[in-house]
Engineer: 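Here it is, the structure in full.
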Amino acid sequence: MIRIKSKNDIEGIRDSGAILAETFEKLKTVVAAGITTEEIDDIAREFVLARHAKPACLGYMGFPKSVCISVNDEVIHGIPGKRVLHDGDIVSLDFCVDLNGYISDSTISLPVGKISPEAQQLLKVTEEALYRGIEKAVAGNKVMDISRAVFVHAKKYNYGVVRDYCGHGVGFHMHEEPQIPNYIFRGSNPKLKDGYVIAIEPMITMGTDEVSVLDNDWTVVTDDGSWAAHFEHTVAVHEGYAEILTKLR
C-alpha cells in the first residue's frame, strides 16, 4: 500500500529534511584527505543529535553506524570505520534523519581533493540524472517516467545503472512503497498521486550494472571494480510540481 502524506506530514518530513541538508553542509567542510570514514560518521551523528533528531540508519536491520559511507567502487551501504580517505577518492554519504517520527533520506557524492576528469564527469552526470528524475515526480505521471528519465540520461554516457537496488517511498518508515527503479522495467507501474513522498536515488557506475555484497553483509561493490556515484533526495509529489524536501531552508 502506498500511503499518502497529509500537509502536516509533509511539513514534518520537510523539517527532518532540513536538518539532513544542514548535516551535509557540515560534512562537506570536513571531507578531505586524511579523515577516516568513522570520524565523518561521528560528526554527522553528533550534529543531528544536537538538533533533537536521530540518525535513522543507526541500528536499522542491524546496521552499526549512522551514515552509509561508500568509497570509489563501493556503491552503497559502506560501513564507516578506520578507512582513511585519500586525495583523488570519491565518497558517497547516504544519511537518514528521524525527527519526531518523520524520516528523510538523502545522499551526496563528494570529491576528495583533486579527482580525475572521469570521476568529475561521473559525479556530474549522476546528479543530473537525479534531477531529471525529480522533474518527472509530479501527480499524474507514473513511476516509469522517473525511471526512464534517470536511465536515459545515464546511458547517454554509457554508464552502468545499478538494478539490484532502487528508490522507494519514505516518510513514516525508511523504506515504503512504491519502489522507484533507475531503469526501464516491466511490471507494476503506479500512477503518482499528490501527497506521495518518495526517495529518488540514481546509483551509477563507470562500468558494469552488476554488483555484489561483501562479506560484512552490507557493503555493495561493483563486480568489475569500476567507480560508482550515488545521489538522492526525498521528494513530495504535488499537482504540477515536485518538491525537494531534503534541502536547506
Side-chain angles (χ1 to χ4, degrees), residues 2 57 68-78 90-96 104-110 118-119 121-138 141-171 174-192 196-213 218-237 242-246:
I2 304 172
C57 290
C68 296
I69 303 181
S70 307
V71 183
N72 298 340
D73 66 326
E74 297 173 348
V75 183
I76 52 173
H77 303 162
I90 60 174
V91 58
S92 297
L93 310 175
D94 185 355
F95 195 40
C96 298
S104 57
D105 187 0
S106 186
T107 306
I108 56 174
S109 292
L110 299 174
E118 293 79 11
Q121 178 176 274
L122 177 68
L123 297 185
K124 178 176 181 289
V125 171
T126 306
E127 187 170 22
E128 289 172 349
L130 168 62
Y131 283 97
R132 296 290 196 281
I134 290 171
E135 288 172 0
K136 301 298 183 181
V138 297
N141 278 350
K142 292 190 171 184
V143 166
M144 179 70 86
D145 294 308
I146 299 171
S147 305
R148 183 182 293 109
V150 170
F151 184 79
V152 167
H153 189 67
K155 285 303 180 181
K156 286 179 183 177
Y157 299 85
N158 295 316
Y159 286 150
V161 179
V162 173
R163 294 168 179 260
D164 291 14
Y165 302 88
C166 62
H168 49 87
V170 70
M174 279 179 56
H175 293 96
E176 304 175 12
E177 291 297 324
Q179 295 190 53
I180 314 290
N182 293 308
Y183 56 90
I184 297 169
F185 61 92
R186 294 181 180 180
S188 178
N189 183 24
K191 181 177 286 188
L192 301 172
Y196 282 6
V197 175
I198 56 178
I200 302 172
E201 51 177 323
M203 291 158 268
I204 308 299
T205 82
M206 288 183 178
T208 184
D209 300 345
E210 300 299 321
V211 297
S212 299
V213 181
W218 280 105
T219 307
V220 177
V221 299
T222 60
D223 282 358
D224 62 357
S226 61
W227 285 16
H230 181 198
F231 283 88
E232 175 183 20
H233 271 306
T234 295
V235 177
V237 175
E243 179 190 3
I244 298 173
L245 301 179
T246 41

Engineer: Under the ring-ring contact (aromatic ring centres under 6.0 Å, His included) rule, collect the residues that match up with Y131, sequence neighbours excluded.
Structural biologist: H233
Engineer: Output yes when a side-chain donor or acceptor of S109 lies under 3.5 Å from a complementary backbone atom of H230, and no otherwise.
Structural biologist: yes
Engineer: Verify side-chain contact (heavy atoms from CB on, under 4.5 Å) between L192 and I146, making sure each step is shown before the conclusion.
Structural biologist: CA-CA 10 Å; L192 301 172; I146 299 171; 3.9 Å; yes
Engineer: Under 3.5 Å, is there a donor-acceptor pair between the side chain of T126 and the main chain of I204?
Structural biologist: no
Engineer: Does A228 have any side chain to side chain contact (heavy atoms under 4.5 Å, CB included) partners at least two apart in sequence or in another chain, and if so, which?
Structural biologist: V75, T205, T222
Engineer: Can you tell me which residue pairs pass the salt bridge (Lys or Arg N to Asp or Glu O under 4.0 Å) test with a partner in residues 157-170, sequence neighbours excluded?
Structural biologist: R163-D209
Engineer: Among I244, V197, I200, which one satisfies side chain to side chain contact (heavy atoms under 4.5 Å, CB included) with T234?
Structural biologist: V197
Engineer: The criterion is side chain to side chain contact (heavy atoms under 4.5 Å, CB included); which residues satisfy it with A149, sequence neighbours excluded?
Structural biologist: R132, K136
Engineer: Only one of D105, V235, T246 passes side chain to side chain contact (heavy atoms under 4.5 Å, CB included) with V170; say which it is.
Structural biologist: D105
Engineer: Hey, could you give me each pair passing salt bridge (Lys or Arg N to Asp or Glu O under 4.0 Å) that has a residue in residues 174-188? Not counting sequence neighbours.
Structural biologist: K5-E176
Engineer: Report the residues that fulfil side chain to side chain donor-acceptor pair (under 3.5 Å) with D223, sequence neighbours left out, ordered by chain and then residue number.
Structural biologist: S212
Engineer: Please name all residues satisfying side chain to side chain donor-acceptor pair (under 3.5 Å) with E243, sequence neighbours left out, ordered by chain then number.
Structural biologist: R14, H238
Engineer: Can you sort out the partners of K124 under salt bridge (Lys or Arg N to Asp or Glu O under 4.0 Å), two or more places apart, ordered by chain and number?
Structural biologist: E128
Engineer: With E232, which residues qualify under salt bridge (Lys or Arg N to Asp or Glu O under 4.0 Å), at least two apart?
Structural biologist: none
Engineer: For the residue pair W227 and L122, what are the closest heavy atoms and their distance?
Structural biologist: O-CD2, 3.7 Å
Engineer: What residues, two or more places apart in sequence or in another chain, satisfy side chain to side chain contact (heavy atoms under 4.5 Å, CB included) together with K156?
Structural biologist: V152, H153
Engineer: Residues in side chain to side chain donor-acceptor pair (under 3.5 Å) with N72, at least two apart?
Structural biologist: D89
Engineer: Kindly write out the residues that satisfy side chain to side chain donor-acceptor pair (under 3.5 Å) with D94, not counting sequence neighbours, or none if the list is empty.
Structural biologist: T107
